[in-house]
Amino acid sequence: MKQLKFYGLGGQGVVTAAKILSVAVSIHEGRYAITVPAYGHERRGAPVYTDVMVDQKPIQVNCFVYEPDIVVVLDEFIVEKHGIDVGRGKDEDTVLVLNTASGETAQRYADQFGFQTVYYVDATQVALDTIGKGIPNGSMLGALAHTGIASIGSVESALEEFFGKKAGEKNARAARTAYDNTKKL
């Protein structure tokens, strides 16, 4: 079983990204996925986290993720703004997928939290350029595809289905653009 933890702020589409990943995995790849959201204060700008579990066989648990295999951070300032420990429960093999334009910021996250593998992309800018809004969830799913948790094709299909024709095509394009521009430390 692979366990993921998504961190972000209200309004960035954190919970939506996790739900779409679950669709990509379960519907388009024939595996199993469960999403467990945690909303906190339920307001724009408040910290939000969501957990996802993915497996080849049915998932018998419905709980939060305490030892993530992959951590997805949709807001590079969540540590400074809100004191969130994005490295909590990770081990030496946990992968980070980070929304940042800066290789220096990605390296700082790697050093501060001990991530050995870091993928990063300016998902917010990709979203602004492709969907016209700074909501990075679709872009981050494109970057996440580099981890192998789901193929970029499955992510694109799930985004198109979730958002419908017009918005779905834009979000799928955002995912593909982010996928093509993701860097690895």
Side-chain angles (χ1 to χ4, degrees), residues 1-22 33-54 61-128 131 133-147 149-150 155 171 174-175 178 181-185:
M1 179 182 320
K2 290 288 186 184
Q3 300 184 67
L4 296 85
K5 189 166 271 301
F6 287 69
Y7 292 100
L9 302 176
Q12 292 182 313
V14 177
V15 174
T16 301
K19 289 178 182 178
I20 293 169
L21 175 63
S22 290
I34 187 169
T35 304
V36 182
Y39 296 98
H41 298 291
E42 298 189 37
R43 66 174 172 77
R44 185 170 295 280
V48 176
Y49 70 89
T50 302
D51 299 333
V52 178
M53 291 175 238
V54 175
V61 296
N62 188 8
C63 64
F64 294 122
V65 167
Y66 296 102
E67 297 176 344
D69 299 297
I70 301 170
V71 174
V72 181
V73 178
L74 278 75
D75 189 299
E76 72 178 281
F77 300 109
I78 198 163
V79 173
E80 291 85 7
K81 288 181 187 175
H82 300 284
I84 305 296
D85 180 1
V86 300
R88 181 183 225 174
K90 67 164 277 311
D91 65 27
E92 65 275 357
D93 296 323
T94 302
V95 174
L96 173 66
V97 181
L98 179 63
N99 177 7
T100 185
S102 168
E104 291 154 1
T105 300
Q107 187 63 57
R108 183 173 43 83
Y109 265 78
D111 295 343
Q112 182 175 352
F113 296 104
F115 289 102
Q116 301 299 310
T117 303
V118 178
Y119 294 97
Y120 68 99
V121 66
D122 190 350
T124 302
Q125 188 61 54
V126 169
L128 285 167
I131 67 171
K133 298 177 182 178
I135 302 172
N137 56 351
S139 304
M140 286 301 289
L141 289 174
L144 179 60
H146 278 278
T147 68
I149 198 70
V155 166
N171 276 278
N181 289 286
T182 297
K183 297 177 180 78
K184 181 180 179 184
L185 281 184

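The side-chain contact (heavy atoms from CB on, under 4.5 Å) check on Lys183 picks up Tyr120, with sequence neighbours excluded. Partners of Gln112 by side chain to side chain donor-acceptor pair (under 3.5 Å), not counting sequence neighbours: none found. Not counting sequence neighbours, Thr182 has no partner by the side chain to side chain donor-acceptor pair (under 3.5 Å) test. Thr147 meets the side chain to side chain donor-acceptor pair (under 3.5 Å) test with no other residue; sequence neighbours excluded. By the ring-ring contact (aromatic ring centres under 6.0 Å, His included) test, Tyr109 is found to be paired with Phe113, residues two or more places apart in sequence or in another chain being considered. Every residue two or more places apart in sequence or in another chain that forms a salt bridge (Lys or Arg N to Asp or Glu O under 4.0 Å) with Arg108 is listed here: Glu80. Under the side-chain contact (heavy atoms from CB on, under 4.5 Å) criterion, Glu104 pairs with Ser102, not counting sequence neighbours. Applying the side chain to side chain donor-acceptor pair (under 3.5 Å) rule to Ser22 yields the partners Thr35; only residues at least two apart in sequence or on another chain are considered. Applying the salt bridge (Lys or Arg N to Asp or Glu O under 4.0 Å) criterion to Glu92, with sequence neighbours excluded, gives no partner residue. For Asp122, the side-chain contact (heavy atoms from CB on, under 4.5 Å) criterion is met by Asn99, Ala101, Thr124, Gln125, not counting sequence neighbours. Considering only residues two or more places apart in sequence or on other chains, Asp51 meets the salt bridge (Lys or Arg N to Asp or Glu O under 4.0 Å) condition with Lys5. For Lys81, the salt bridge (Lys or Arg N to Asp or Glu O under 4.0 Å) partners are Asp75, not counting sequence neighbours.
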* **CA sep, side-chain torsions, deciding dist, call: Val36, Asn62, side-chain contact (heavy atoms from CB on, under 4.5 Å)** => CA-CA 7 Å; Val36 182; Asn62 188 8; 3.3 Å; yes

* Could you please spell out the steps behind the side-chain contact (heavy atoms from CB on, under 4.5 Å) verdict for Val97 and Met140? => CA-CA 8 Å; Val97 181; Met140 286 301 289; 3.8 Å; yes

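Between Leu9 and His82, some side-chain heavy-atom pair lies under the 4.5 Å cut-off. Using a 4.5 Å heavy-atom cutoff, the side chains of Leu141 and Leu21 are in contact.
Scanning all heavy atoms of the two residues, the minimum distance from Gly103 to Leu185 falls at O-CD2, 4.2 Å. Ala123 approaches Ser139 most closely through the heavy-atom pair O-OG, 3.2 Å. Of all heavy-atom pairs spanning Gly142 and Val155, the tightest one is N-CG1, 4.3 Å. Smallest separation of non-hydrogen atoms from Asn137 and Gly13: CB-O, 3.2 Å. Taking each heavy atom of Ala174 and Ile131 in turn, the nearest pair found is CB-CG2, 4.5 Å. In terms of heavy-atom proximity, Ala178 sits nearest to Val121 at O-CG2, 3.8 Å.
The aromatic rings of Tyr7 and Tyr49 lie tilted to each other, with the angle between the two planes from 30° to 60°.
The distance from atom CD of Gln3 to atom OG1 of Thr94, rounded to the nearest 0.5 Å, is 10.0 Å. A distance of 11.0 Å separates CG in Asp69 from CE in Met53, rounded to the nearest 0.5 Å.
Sparse packing is recorded around NZ of Lys2, with 12 or fewer heavy atoms of other residues, nucleotides or ligands lying under 6.0 Å away. By the 6.0 Å contact criterion, CD on Gln107 is enclosed, its count of non-hydrogen atoms from other residues, nucleotides or ligands being greater than 12.
Only one option out of Thr50, Val54, Val65 pairs with Leu4 in a side-chain contact (heavy atoms from CB on, under 4.5 Å); it is Val54.
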